[in-house]
Amino acid sequence: MTKDEIILANKEFLFPAVFHYYKEPLVVARAKDQYVWDADGNQYLDFFGGIVTVSVGHCNEKVNAAVHRQLDTLQHVSTVFANEPQAALAKKIASVTPGRQLTKSFFTNSGSEANETAVLAARCFTGNTEIVALRHSYHGRSAATMGLTGQGSWKLGPPQAGVVHAHNAYCYRCPFGLTYPECDVRCARDMEELIRTTTSGRVAGFIAEPIQGVGGFITPPKEYFQIVEKIVRNHGGIFISDEVQTGWGRTGGKWFGIEHWGVTPDVITGAKGLGNGSPIGLTVAKPQVADSVKGLTISTFGGNPVTSAQAKAVLDFIEEQNLAANCAETGAYLRAGLEDLKSRHEIIGDVRGMGLLQALELVEDRQSKAPATAETGLAMEAARENGLLIGKGGMFGNVLRVSPPMNIGRADVDQFLQLLDKALAATTAMAAGSVK
Ligand SMILES: Cc1ncc(COP(=O)(O)O)c(C=O)c1O
C-alpha cells in the first residue's frame, strides 16, 4: 500500500476513535533503536517511544532474538498449561519488586486489564468495594478503568459505581491555590476528608500512578505518598501503584517509580515498557493479596510464551545494561537541557518529571498560566517537521511529553534539545503571526 492508501484505509476501515497525532498522520514504515522512518523514507528521532513503551530501543537485537527463538519453539498454549517463559518471567519480576515483597504475578494483555485485575484483587482481599483514584489520572480504556481515570475527556460510557477521586499533587496548578512546601501537602491530607465524606469509610484500595503519565507527567512532592498511604490503610484499603509508564527503571536508579517515595505498594501494575512493544499486562501482588483472588478467572493470552519471552529479555537487557542508572544520569542531563530551554522560551511554564520521563507544560504567559493548547499542537507539528517525535498530554493538551528509549546517551539528548529548541522558536513565531 502507498502512504495515501494507508491513510485512506485508516479513514475508511477504522473507528474514527482511532485518532492520530498531526494534521497529516505520520505513516511509520520501520524503526531501529531510537529512530523511526516514515513511508517516504524520512528519519525521525523518537523521544516518545510509542507512548512510553519502547523501553530498550526499537527492534532491539537481543530482545528480538529471544522472540524469534520462542516463536519457533512454542507460540501459544493458554494459561491452563504451564510453560517455561511465563514461569521464568514471573520469577524474574518477583526478584525486582520493592523489598522482594510482591512475588505473585497475573499476566494479561494490556495496562487496562492489569488495573482491572489489581482492583479485583483489592476487593477480594479487603472485602470492601470502594476505590480511591486520583484526579488527572489515566488507568485505561475498559469500562472499569475509564471509571478510575480522572480526566473527563477519556471517560466514555456510563460512570462506574464505587470510585471516588482525590485531589492530585499538581503543584504547578495547586487545587488549593497553595505553594509547596508551605502548603503542608494539603492535597495529601485531604484524603481523610474525601474518604470520610464520599465513601462508607471502608475502602478496598487506592490506585495511583507515581507520576501521572497521560495527565502530563505530574510529579508529586516527596511526602505525598507516605501521607496518603497511611490514611488509606487506616480505612482498610491497600495501595496499588500503576507503573504502566513509570516502571522498569525509567524514573532513574530504581526499578519502580513508587520507590522514590519510600512506600511499598501491595500491588504493582505494568504494561508498555515491560514488553518493548509486545502486548502485555502485569499485576504483581503480595502473596496474601494474590491468594485472595479465588474462583475461575482466565486470560487466554496472559502469560503467552512469546510475549513472556520478550518481556523477560527486556528485563534482562535493562539489568545487564544498567539502564536504571542510565535513566538517572542521562535523565539529569536531559533535565538540565530542558531547564535551559525554559530560561530561553517564555512559553515553557513548567519542567517536571524524573529520569527519562520529562515534560514541558506550555502556557500563554507565565503569570496567568493559561494553557497554550493551540501552541502545543504547533510545537508537535514543528518538531515533526524537524525530524523529532515527542508526545502530548495534560488535561488541557498543553504538555509536551518526553520519554525516549532508556538506552539513549548524551549525544541523543544534545540532538533532541537542538531539534526541540528549533521547534519551540518556530512555534513562538507562528503563534505571534497568528495573533497579528
Ligand atoms: C498509567 C497507565 N495505566 C494504564 C494504561 C492503560 O494501558 P493500555 O493502553 O495498555 O490498556 C495506560 C495507557 O496509557 C497508562 O498510561
Side-chain angles (χ1 to χ4, degrees), residues 15 17-21 48-55 106-122 131-151 153-157 160 163 165 168-170 205-220 225 239-248 250-251 256-258 265 267-284 299 301-302 304 307 310-311 314 353-359 390-395 397 399 401-403:
F15 274 35
V18 182
F19 70 93
H20 299 113
Y21 276 167
F48 195 36
I51 320 184
V52 203
T53 297
V54 181
S55 48
F106 191 94
F107 295 108
T108 48
N109 312 289
S110 66
S112 302
E113 286 176 89
N115 286 332
E116 289 260 1
T117 309
V119 167
L120 173 72
I131 298 284
V132 182
L134 288 179
R135 298 181 190 189
H136 295 243
S137 63
Y138 183 87
H139 295 292
R141 62 164 301 281
S142 63
T145 55
M146 281 192 286
L148 299 173
T149 293
Q151 297 184 58
S153 46
W154 294 104
K155 281 172 169 294
L156 315 180
Q160 299 295 306
V163 179
H165 287 89
N168 64 339
Y170 194 174
F206 167 56
I207 184 166
E209 304 153 84
I211 296 175
Q212 293 183 313
V214 177
F217 296 172
I218 298 169
T219 311
F225 282 112
F239 177 29
I240 302 163
S241 185
D242 178 342
E243 302 265 356
V244 167
Q245 298 209 13
T246 49
W248 319 113
R250 179 164 290 283
T251 55
F256 297 97
I258 196 62
V267 184
I268 283 177
T269 58
K272 291 189 188 280
L274 172 59
N276 200 46
S278 65
I280 189 165
L282 160 73
T283 309
V284 61
S299 169
F301 295 116
N304 172 275
T307 311
Q310 180 155 358
V314 168
M354 274 187 186
L356 285 177
L357 193 74
Q358 298 285 338
I390 43 177
K392 199 165 82 158
M395 192 64 190
V399 179
R401 295 198 287 161
V402 181
S403 54

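Nothing fancy with the numbering, it's 1 onward along the sequence. Since we're looking at a predicted model, the values are computed, not measured. When a ligand or atom number is given, it counts from 1 through the structure's own listing order.
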May I ask you to check whether over 12 heavy atoms, not counting those of Ile51, lie within 6.0 Å of atom CD1? no
Quick check: Glu209 and ligand 1, any N/O pair under 3.5 Å apart? no
I would like to know whether Asn109 and Ser299 meet side chain to side chain contact (heavy atoms under 4.5 Å, CB included); could you show each step before the answer? CA-CA 8 Å; Asn109 312 289; Ser299 169; 3.7 Å; yes
Which atoms from ligand 1 have a heavy atom of Asn115 less than 4.0 Å away? 3 (N), 4 (C)
Nearest-neighbour protein heavy atom for atom 10 (O) of ligand 1, which is reported as residue plus atom name and distance: Gly111 N, 2.9 Å
Which bit of His139 is near ligand 1, meaning a heavy atom under 4.0 Å away: side chain, backbone, both or neither? backbone
Quick check: are there more than 12 heavy atoms from other residues, nucleotides or ligands sitting under 6.0 Å from CZ of Phe301? no
Would you indicate whether Arg141, at its atom CZ, is surrounded by more than 12 heavy atoms from other residues, nucleotides or ligands within a distance under 6.0 Å? no
Determine, stepwise, if the pair Ile131 / Phe206 fulfils side chain to side chain contact (heavy atoms under 4.5 Å, CB included). CA-CA 6 Å; Ile131 298 284; Phe206 167 56; over 6 Å; no
At a 4.0 Å threshold, what atoms of ligand 1 neighbour a non-hydrogen atom of Gly140? 6 (C)
Closest non-hydrogen protein atom to atom 16 (O) of ligand 1, residue and atom name please, with distance? Gln245 NE2, 2.8 Å
Which residue and atom name correspond to the protein heavy atom nearest atom 3 (N) of ligand 1, and how close is it? Asp242 OD2, 2.8 Å
Ligand 1 versus Lys272: contacting region, heavy-atom distance under 4.0 Å: side chain
Relative to the heavy atoms of Ser110, which atoms of ligand 1 are at a distance of less than 4.0 Å? 10 (O), 11 (O)
To the nearest 0.5 angstrom, please state how far the CD1 atom of Ile240 sits from the CD1 atom of Ile258. 12.0 Å
Could you report the tightest heavy-atom contact between Val52 and Gln245, atom names first, then the distance? CG2-OE1, 3.3 Å
Take Ser241 and Glu243 through the test side chain to side chain donor-acceptor pair (under 3.5 Å) and record every step on the way to the result. CA-CA 6 Å; Ser241 185; Glu243 302 265 356; 2.8 Å; yes
Geometry only, no angles: is Ser112 polar-contacting ligand 1 at N/O separations under 3.5 Å? yes
Taking heavy atoms and a distance under 4.0 Å, where does Val52 meet ligand 1: side chain, backbone, both or neither? neither
